Amino acid sequence: MDFRVDPEFQQKLDWMNRFVREEVEPVDLLFPNASSMYDTKNEQARALIRPLREQVKAQGLWACHLPPELGGKGYGQLKLALMNEVIGRSSWAPTVFGCAAPDTGNAEILALYGTAEQKRRYLQPLLDGEIVSCFSMTEPQAGADPKEFTCKASRDGAEWVIEGEKWYSSNARFASFLIVMAVTNPENAPHERMSMFIVPAETPGIVIKRNVAGMNDDPDDGTQAYIHYDRVRVPFDAMLGKPGEAFKVAQARLGGGRIHHAMRTVGVCNRAMEMMLERAVSRRTQGRLLADHQFVKGMIADSAIELEQFRLLVLKTAWIIDNEPHGAARTHIGMCKVAMARVYHDVVQRAVHLHGALGTSRDTPLAKMWMGIPMLAVADGPTEVHQVQVANALLKSAKPAEGLFPSDHIPTKLARIVQKNCMNPLKK
Ligand SMILES: Cc1cc2nc3c(=O)[nH]c(=O)nc-3n(C[C@H](O)[C@H](O)[C@H](O)COP(=O)(O)OP(=O)(O)OC[C@H]3O[C@@H](n4cnc5c(N)ncnc54)[C@H](O)[C@@H]3O)c2cc1C
């Protein structure tokens with residue numbers, strides 16, 4: 001495995017690094033709310049990011065996750081991993097680089113399963129960053145286990161009628177369309193009961209009951225919608241994929257989303273590390289710099305080691321996606337998801353702690369990082385679900401021991417070797 005890149009691409013990364021620090025991070029300070037990021041009608045914020053997007057486009061770095069047929073570069077995941085490490089430093093950078101979730105995944109679904117008309121109406125403006133979208137899957141009574149979902153869609157003449165509730169549908173209030181998962185074939189096996197639909201935002205019956213605020217958001221500025229689909233009617237061709245194929249369609253987006261989150265988490269952790277190092281060589285206590293205390297050195301070393309391990313896992317996963325058959329990276333993507341939440345927690349916790357009272361305030365980016373910890377472990381499926389998936393994949397090829405003792409039981413093995421070589425039993 002080779003994680004090096006050509007000098008030309010390295011120059012792009014260097015440009016990105018400068019650009020994100022100098023031009024994009026200031027936007028984070030001016031518009032810190034998630035809502036301003038997704039509200040395409042927020043003219044003040046849009047006016048600020050329009051010229052930044054032009055610079056990204058001029059560098060050929062707009063929406064690089066896309067395949068060439070959709071206007072992307074066709075960069076593999078390894079290059080995207082390195083780019084996302086830079087993008088991860090700033091909340092606004094994904095919007096400025098045309099690769100913000102959930103629009104990236106929704107674009108993938110539309111590109112794969114949309115009709116020509118749906119692509120014309122939604123895909124192109126989404127790819128151009130003119131509109132935003134929503135992925136509406138989780139329900140208030142069930143998230144981590146979609147087999148418990150009850151929101152249903154029934155046929156009525158040439159239409160589907162969607163009825164039920166969804167929860168934590170990010171950015172629904174700004175979205176031009178929603179991709180909704182609903183039960184259509186209750187008689188099928190659990191994983192074949194649901195289908196995916198594209199629902200234009202102006203369709204009658206989409207009732208946003210509340211916009212729930214995450215820990216990071218202002219309480220009255222939530223972006224996570226609790227929605228009642230109250231007999232929402234969509235045409236027959238609103239189904240994306242075939243009846244009962246929602247899991248297959250969802251998987252097309254979630255795999256990519258998870259690895260991109262992991263790549264960006266490396267970027268946020270790098271920023272926390274930089275802050276930790278600066279603090280260690282700036283602050284004095286007991287007549288010495290923090291950096292001269294062994295406990296502090298331990299925190300720095302542990303953070304660097306854990307982050308490097310995680311980064312290599314992410315790069316290896318990206319390499320597998322680029323070089324091995326489709327689906328080969330599934331277990332590694334699960335590993336990244338689990339490791340991501342843990343490493344992020346540990347590195348950010350140490351950075352906060354080393355900043356003392358300042359670290360507990362809202363005066364540094366560490367506050368936002370800290371409040372992101374629980375979300376990283378829950379969004380896109382909680383840690384435990386991925387642990388189970390990783391373990392199951394490994395256990396699939398495990399075989400039980402043939403006899404009473406494990407295959408590596410030394411006395412049993414030794415007895416076999418002795419017998420095979422017609423030796424006398426070893427004596428002390
Ligand atoms: C910031 C954020 C954005 C989100 N955006 C969207 C979105 O745009 N669209 C959307 O549809 N959803 C979205 N979600 C919802 C997300 O997908 C769900 O929160 C996630 O799937 C977990 O579901 P849940 O919240 O119902 O947790 P639950 O299913 O209630 O799980 C709670 C806890 O139970 C335990 N648990 C659950 N399952 C298992 C298991 N199999 N084994 C062992 N323990 C288990 C875990 O400790 C888990 O954390 C978002 C969530 C967050 C935090």
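Counting convention: from 1, in listed order, for ligands and their atoms alike. All of these numbers come straight from a predicted model, not from anything done at the bench. Side chains included, hydrogens not; waters and symmetry mates left out as well; all remaining heavy atoms used. If you read the sequence from its start, that first residue is 1, and numbering goes on from there.
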- Query: With backbone taken as N, CA, C and O and side chain as the heavy atoms from C-beta onward, which portion of V385 lies under 4.0 Å from ligand 1: side chain, backbone, both, or neither?
  - Reply: side chain
- Using a strict 4.0 Å cut-off to heavy atoms of F135, name the atoms of ligand 1 that fall inside it. 7 (C), 8 (O), 9 (N), 10 (C), 11 (O)
- Query: Looking at the rings of Y344 and F310, which for Trp means the six-membered one, are their centres under 6.0 Å apart?
  - Reply: no
- Query: Salt bridge between E274 and R21, side-chain N to carboxylate O under 4.0 Å?
  - Reply: yes
- Think K316 forms a cation-pi with F3, using NZ or CZ under 6.0 Å from the six-ring centre and within 45 degrees of its axis? no
- Task: For K152, look at atom NZ and say whether over 12 heavy atoms of other residues, nucleotides or ligands are found less than 6.0 Å away.
- Result: no
- Query: Can the ring centroids of F97 and W62 be said to lie less than 6.0 angstrom from one another?
  - Reply: no
- Kindly confirm or rule out an N or O of W167 lying under 3.5 angstrom from an N or O of ligand 1. no
- Item | Check: P382 N/O within less than 3.5 Å of ligand 1 N/O | no
- Query: For ligand 1, which atoms, with element, lie under 4.0 Å from some heavy atom of S170?
  - Reply: 3 (C), 4 (C), 5 (N), 6 (C), 7 (C), 8 (O)
- Query: Backbone or side chain, does any N or O of V388 fall under 3.5 Å from an N or O of ligand 1?
  - Reply: no
- Item | Residue pair H65 / Q77, side-chain donor-acceptor N/O under 3.5 Å | no
- Side chains of D6 and Q10: donor-acceptor distance under 3.5 Å anywhere? no
- Task: State whether a side-chain donor-acceptor pair under 3.5 Å links Y229 with E165.
- Result: no
- Query: Between M375 and ligand 1, is there a nitrogen or oxygen pair with a distance under 3.5 Å?
  - Reply: no
- Message: Give me the residue, atom name and distance of the protein heavy atom closest to atom 25 (O) of ligand 1.
- Response: V378 CG1, 4.1 Å
- Item | Ligand-side contact atoms (ligand 1) for residue partner M137, heavy atom cut-off under 4.0 Å | 10 (C), 11 (O)
- Query: Counting only heavy atoms not in R53, do more than 12 sit closer than 6.0 Å to its CZ atom?
  - Reply: yes
- Note on the structure: So the atoms of ligand 1 within less than 4.0 Å of a heavy atom of G381 turn out to be 21 (O)
- Task: Give yes if a backbone or side-chain nitrogen or oxygen of A144 is under 3.5 Å from a nitrogen or oxygen of ligand 1, and no if not.
- Result: yes
- Message: Please state which option from G143, A142, P140 has its nearest heavy atom closest to atom 21 (O) of ligand 1.
- Response: G143
- Per-residue contact class, E384 against ligand 1 - non-hydrogen pairs under 4.0 Å: side chain
- Message: As a test of the contact definition, would atom 30 (O) of ligand 1 count as having a protein heavy-atom neighbour under 4.0 Å?
- Response: no
- K248/E192 salt bridge by N-O under 4.0 Å criterion: no
- Message: Closer than 4.0 Å and a protein heavy atom, does any atom meet both conditions relative to atom 34 (O) of ligand 1?
- Response: no
- Query: Do S90 and E25 get their side chains close enough for a donor-acceptor pair, meaning under 3.5 Å?
  - Reply: no
- Message: Using a 3.5 Å cut-off on N or O atoms only, is Y168 in polar contact with ligand 1?
- Response: yes
- Query: Are any of the N/O atoms in T138 less than 3.5 Å from those in ligand 1?
  - Reply: yes
